[in-house]
Amino acid sequence: MNQDLREAALEYHRLPRPGKISVVPTTAMATQRDLSLAYSPGVAEPCLVIAKDPLQADELTARSNLVAVVTNGTAVLGLGNIGALAGKPVMEGKACLFKKFAGIDVFDIELAEEDPDALIETIARMEPTFGGINLEDIKAPECFYIEQKLRTRMKIPVFHDDQHGTAIIAAAAILNGLKLVKKDIADVKLVCSGAGAAALACLDLIVSLGLPHDRIIVTDAKGVVYAGRTEGMDDNKARYAVKTDARKLDDIIQDADIFLGLSAGNVLTQDMVRKMARDPLIFAMANPIPEIMPEDALAVRPDAIIGTGRSDYPNQINNVLCFPFIFRGALDCGATTINEEMKLATVRALADLAMTEVPEVVATAYKGEKLRFGRDYLIPKPLDPRLIEVVAPAVAKAAADSGVAKRPIADMEAYRQQLSRFVYQSGNAMQPVFSVAKGSGKSLLLAEGEDERVLRAAQVVVDERIARPLLVGRPSTIEERIKSFDLRLRPGMDCDIIDPHDAEIYSKCAEVYHSRRKRDGVSAGLALSETRSNATVLASLLLARGGGDAMLCGVIGRTSDHLAAIRNVIGTRDDARTLAVMQMLILPQHQLFICDTHCHLNPTAEQVADIALLAAAEVRRFGITPRVALLSHSSFGSSAAPEANKMREARAIIRERSPDLAVEGEMRGDAALSASVLHHEFPDSGFEGPANVLVMPNLDAANISYNLLRMAAGQGLTVGGILLGAAKPAHILTPSSTVRRIVNMAAVAVADAVSDRA
């Protein structure tokens, strides 16, 4: 791992608070009555009900949506036995994936215990707490024994993802690969490099799909697993021992239809690949270096179909494709276990999904990739929102059909529709914007290209394929800082440097600037001076002339100065009459947009209406239906003050210009954010739920409210400033912007350019 990624990873885990997860209450505890219901004496009632009927725990506690991710740290990623405590970041990460993709709550449990029986005893005693157990990073062969004993003893799902998650995804890819090359699973030969937990689970599942046991040959670090071998053997491995004189991988690869690699990098050579059967399936899943690099395999066998564990190659065997959705389905039907039928149902659901046309959101997210069933697309992508709606119902149905569901789901179609609520949830506010920006091929002007945060963000922008950065700054300084920060940016290859002191660049831009502002008192000499000395003016001119598709500025200097440069050079869109700045707050339960925080000291009713309409259009880009609240010190005509009248007039203008927009006001802040307060004050409101766009009556109210909420409720997680109404995609950051915030705004700017709305 290079230094910049190391530092970024540590910063990610350190800020805004240590770790990646937290526990928050789901019910109100604001009054004495709330406390008496949540705790003593009211809590006694659910306790008594559960004592009489244990199944009621699923209705009265969080147990039915709570999973334990458990490890003893003996096989953490590729790091080996680093201990339970050192494995905690991985378990927190797994918890995030459960929540992000399937809305499942997780407690990560790290146990300092390597004795299998003691570990079994400890985990089994936690059954009253959890609806399921996800075993993680426990070394083989103990993991087989531990899972088997726990599954026998516990009446909740126990799933070792290192084994079964990998097996399910690999099996789906193999199923589709064989279909593509027209081979019968009953007739193929499979060679497996690796005999650990994941490898053996893969083989077991593929056998369940119809591959004959005697068509499989396994190798490990000691060579071929053959009948009679004693060195490095155990009962699980011995199940795949065969009678053969072969002792090395090279001896058994001849005419193999499938190579399954879960071992070490570079163990499969090009000479070995040459010996394989026609259209071989090569799933080289060692990480980060696979058993053979895809390009090396394809160089000697262009007919091969390749899969790896890496995200930068097609057909990534990624566990996140299945484990959140398997647990979602298992928890929702009250499954007592995750059995073979449920795993096979997942395999077939994933395989079938890959053969359907991808939705627009997936096509946009992976722009540039051919997401059509074929050699480079055997399994769905992790960001496919259909995964939860396909896999979870398949799992729940298989659980019911096999008799392990305590609460079989009667209406499966209604259940599928219910599952859509988990899409884009749990801190995933930026995903729709990233989906549009990623792989778009657009360029992004970064006015402060010498700043360290900007350079680090530019590296992420390149890595995530968000845009091609155009760094405004002195080439020698930028190149020196790229080197000193140990970044991988390659000027001229994955980014470009625009030298503000290059006469050819600034002189042409200065001519444009002079022609636009000569009647504002800007002489040719002053235009030349400002263009050379003001990076935002230069970037704005380049954007206006088509020298980039979008731009960011603002990490150095005052927002008002950057705003003036953009207003003077770029101006407003043809369909917009004003500029405004909107800020997005990422709150624990939802996103909140506040405007205008920087442009209008005291906007008119017409300007308030313009701002609200611009904000609503931008909010839709985040996959959110806007509900706009026009805020005031009063609600619904309770004040005759000019400020309140202004917001009432603004609503009338908005209703005339956009009748379908959900907009209310004038209204106080509590009515905007509380459905119960709103219903009490104005039962006829057109809102369904609280407002998500707050339009303030003046700049003071907007800026003060934003900063108070940012620190008090939002934990500092913000996106902005999002400039509304500009003729080109230009946005203004703040001097306090972090690398992450710059990356988020890069995605917003590029998405703006992709939309062709500007």
Side-chain angles (χ1 to χ4, degrees), residues 1 5 9 71 75-80 87 89-90 93-94 97 101 134 136-140 143 159-177 190-206 218-221 249 258-269 273 280-298 304-324 326 343 346-347 350-351 354 366 369 375-384 387 463-464:
M1 190 183 297
L5 188 55
T71 190
V76 179
L77 299 177
L79 306 174
V90 180
K94 198 70 180 274
L97 295 176
F101 287 105
N134 184 102
E136 191 77 14
D137 292 349
I138 300 172
K139 69 183 178 73
C143 60
F159 187 79
H160 185 206
D161 187 45
D162 297 328
Q163 294 180 56
H164 307 299
T166 302
I168 287 165
I169 309 307
I174 286 172
L175 210 58
N176 276 352
L190 184 150
V191 169
C192 180
S193 175
L200 295 176
C202 285
L203 296 178
D204 290 343
L205 196 57
I206 295 166
V218 179
T219 66
D220 62 8
L249 178 59
I258 303 170
F259 171 82
L260 196 64
L262 293 120
S263 54
N266 298 319
V267 300
L268 185 68
T269 67
V273 172
L281 307 185
I282 300 174
F283 292 92
M285 293 179 278
N287 255 327
I289 306 299
E291 285 78 4
I292 187 169
M293 295 301 292
E295 55 269 30
D296 293 337
L298 291 170
I305 295 176
I306 313 292
T308 69
R310 292 172 48 143
S311 60
D312 53 347
Y313 288 101
N315 300 322
Q316 184 193 14
I317 310 301
N318 189 336
N319 291 11
V320 78
L321 280 170
C322 71
F323 72 80
I326 289 175
K343 290 186 284 183
T346 305
V347 171
L350 291 170
Y366 296 92
E369 296 186 35
R375 291 174 175 268
D376 290 338
Y377 185 69
L378 297 178
I379 47 178
K381 293 290 189 179
L383 293 181
D384 194 323
L387 283 164
D463 291 343
E464 295 293 321

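Since the model is a prediction, treat every value here as computed from it, not as a measurement. Numbering starts at 1 and runs along the sequence shown.
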From [X] atom [atom1] to [Y] atom [atom2], the distance as rounded to the nearest 0.5 Å:
| X | Y | atom1 | atom2 | answer |
| --- | --- | --- | --- | --- |
| Asp161 | Asn134 | CG | CG | 5.5 Å |
| Asp376 | Tyr313 | CG | OH | 12.5 Å |
| Leu387 | Asp384 | CG | CG | 5.0 Å |
| Thr346 | Phe323 | OG1 | CZ | 13.0 Å |
| Leu205 | Ile174 | CG | CD1 | 9.5 Å |
| His160 | Asp137 | NE2 | CG | 7.0 Å |

Heavy-atom pair of closest approach, residues [X] and [Y]:
| X | Y | answer |
| --- | --- | --- |
| Ser263 | Val267 | OG-CG2, 3.8 Å |
| Ile306 | Ala297 | CD1-CB, 3.8 Å |
| Ala195 | Asp220 | CB-CB, 4.1 Å |
| Pro380 | Leu350 | CD-O, 3.5 Å |
| Glu136 | Lys94 | OE1-NZ, 2.5 Å |
| Tyr377 | Ile379 | CE1-O, 3.4 Å |

Contact check, side chains of [X] and [Y], non-hydrogen atoms, under 4.5 Å:
| X | Y | value |
| --- | --- | --- |
| Phe259 | Ile292 | no |
| Ile168 | Ile326 | yes |
| Ile169 | Cys322 | yes |
| Leu268 | Ser193 | no |

Heavy-atom donor-acceptor pair, [X] side chain to [Y] backbone, under 3.5 Å:
| X | Y | answer |
| --- | --- | --- |
| Asn315 | Leu378 | yes |
| Gln163 | Leu200 | no |
| Asn319 | Thr166 | yes |
| Gln316 | Gly309 | yes |

>> Checking Cys192 against Leu203 for the side chain to side chain contact (heavy atoms under 4.5 Å, CB included) test, could you report, in this order, the C-alpha distance in whole Å, the side-chain angles of both residues, the deciding distance, and whether it holds?
In response: CA-CA 8 Å; Cys192 180; Leu203 296 178; 4.1 Å; yes
>> Could you walk me through whether Leu260 and Met285 satisfy the side chain to side chain contact (heavy atoms under 4.5 Å, CB included) test, starting with their C-alpha distance in whole Å, then the side-chain angles of each, then the deciding distance to 0.1 Å, before giving a yes or no?
In response: CA-CA 8 Å; Leu260 196 64; Met285 293 179 278; 3.5 Å; yes
>> Could you go through Val90 and Thr71, starting from their C-alpha distance and side-chain angles, then the distance that decides it, and tell me whether this counts as side chain to side chain contact (heavy atoms under 4.5 Å, CB included)?
In response: CA-CA 10 Å; Val90 180; Thr71 190; over 6 Å; no
